[in-house]
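To start, the structure under review is shown below, and the notes come after it.
Being a predicted model, the structure only gives us computed values, none of them experimental.
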2 protein chains.
Amino acid sequence: MTSTDHHDPEGRPAVRPTRQRRAVAAALAGFDDFRSAQEIHDLIKEQGDSVGLATVYRTLSTLADAGEVDMLRNEDGEAIWRSCSDTHHHHLVCRTCGATVEVEGPAVERWTNAIAQEHGYADLSHTLEIFGTCPACR
Amino acid sequence: MTSTDHHDPEGRPAVRPTRQRRAVAAALAGFDDFRSAQEIHDLIKEQGDSVGLATVYRTLSTLADAGEVDMLRNEDGEAIWRSCSDTHHHHLVCRTCGATVEVEGPAVERWTNAIAQEHGYADLSHTLEIFGTCPACR
DNA sequence: CCACGTTTGACAATGGTTCTCAACAGTGGT
DNA sequence: ACCACTGTTGAGAACCATTGTCAAACGTGG
């Protein structure tokens, strides 16, 4: 590795700050519930920007890999996204309006780890999402 | 409602025992991990039967509504199915071979209910699935 | 055996997501 | 400022799981 490569000291490939990525970030900053990629794409359009749908998907995936956004699936299996805090947590999502409460469950984390170890499973991941109807939509 | 309608006393529409539904049930009896609708469709073909893919989907949905099979989504958002016991439970699923352990989590159930009530959410449902690598695939 | 409502299957249609690939745009060096 | 080098983008095609359509086939109770 020489001084001419475009990687940072940790070896990650360079990520360029483009107009499109800024637009996606701006859109993400504009809501705090979960939205689909298409909805985010529409939001960007409403903000006067123009970013291709494929780019929205690419950017969201990248951000999710970097841990900067949460991606989860609604009851239909569609991916929905939002920017998130950096601690591991779960969500209580309103089925009707999408209002989201971020919840932590240390007890749950411990429980899943215990169960998995008990059965010899390694390299764990888990999903825990609660769907319901929020007070405003009742 | 007269004696001529084809509904049972509870008002549920009649469900007819057809060759196709028997074939799906037979296929479901043949494995105890989670399979996609397409895989189940293939299994039926291997068993010498022939059932349309749309019918497989319809039958699986019906069985899921009736609580006779579990449907959940893998990490790609695809629906996967298997016959299940009748109590509410969660799953520890091997990412590689699909081996599944059915686990109960009364503590988790209580926790989700408490969290939801605390925030005023009603009409709850929740998903909790653990993915990992089983001992055999390690 | 009949009449009626249910179920099925072949195929089209949907819809979310990813792929393709040529045009474009940051970057670091000169 | 200019260049060469790559990472990035966009339009649209391609994918693929899932659902809709509708006429033909089937199970049921009478």
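Considering A/T133, A/V101, A/V93 as possible partners of B/Y121, the one that fulfils the side-chain contact (heavy atoms from CB on, under 4.5 Å) test is A/V101. Put simply, the residue from A/I44, A/T55, A/D49 that forms a side-chain contact (heavy atoms from CB on, under 4.5 Å) with A/Q20 is A/T55.
Between B/H90 and B/H126, the two ring planes are tilted [angle within 30° to 60°].
Under a 3.5 Å cut-off, the side chain of B/Q117 and the backbone N or O of B/A114 do not form any donor-acceptor pair. The backbone N or O of B/F31 sits nowhere less than 3.5 Å from a side-chain atom of B/R82 that would complete a donor-acceptor pair.
Ring pair B/F34/B/H91: centre-to-centre distance below 6.0 Å.
Listed nucleotides: C/dT7, D/dT8, C/dT27. Nearest to the side chain of A/R21: D/dT8. Closest to the B/R16 side chain, of the nucleotides C/dA25, D/dT9, D/dC26, is D/dC26.
Within residues 46-60 of chain B, the residues having any heavy atom closer than 4.0 Å to DNA chain D are, in order of number, B/L53, B/A54, B/Y57, B/R58. Using a 4.0 Å cut-off on heavy atoms, the residues of residues 69-79 of chain B that approach DNA chain D are B/E78, B/A79, listed by number. Taking every heavy atom of residues 31-39 of chain B and every atom of DNA chain C, no pair lies under 4.0 Å.
The side-chain hydrogen bond (donor to acceptor under 3.5 Å, both in side chains) check on B/E68 picks up nothing, with sequence neighbours excluded. Every residue two or more places apart in sequence or in another chain was checked for a salt bridge (Lys or Arg N to Asp or Glu O under 4.0 Å) with B/R73, and none qualifies.
The phosphate of C/dG9 (OP1 or OP2) has a side-chain N or O of B/R19 nearer than 4.0 angstrom. Note on B/Q20: a side-chain N or O is less than 4.0 Å away from OP1 or OP2 of C/dG9.
In plain terms, the two heavy atoms of B/C134 and B/C94 that are nearest each other are N-SG, 3.5 Å. Across all non-hydrogen atoms, the minimal contact from B/D32 to B/T100 is O-CB, 4.1 Å.
Taking 4.0 Å as the cut-off between side-chain N and carboxylate O, B/D123 and A/R138 do not count as a salt-bridged pair. Under the 4.0 Å criterion applied to side-chain N and carboxylate O atoms, B/R35 and B/E78 are not assigned as salt-bridge partners.
Over its length, the helix from C/dC1-D/dG30 to C/dT30-D/dA1 turns its helix axis by 30°, as judged from the five terminal pairs at each end, rounded to 10°.
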Check the pair B/C137 / B/R95 against side chain to side chain contact (heavy atoms under 4.5 Å, CB included), numbers first and verdict last.
CA-CA 9 Å; B/C137 291; B/R95 209 180 272 115; over 6 Å; no
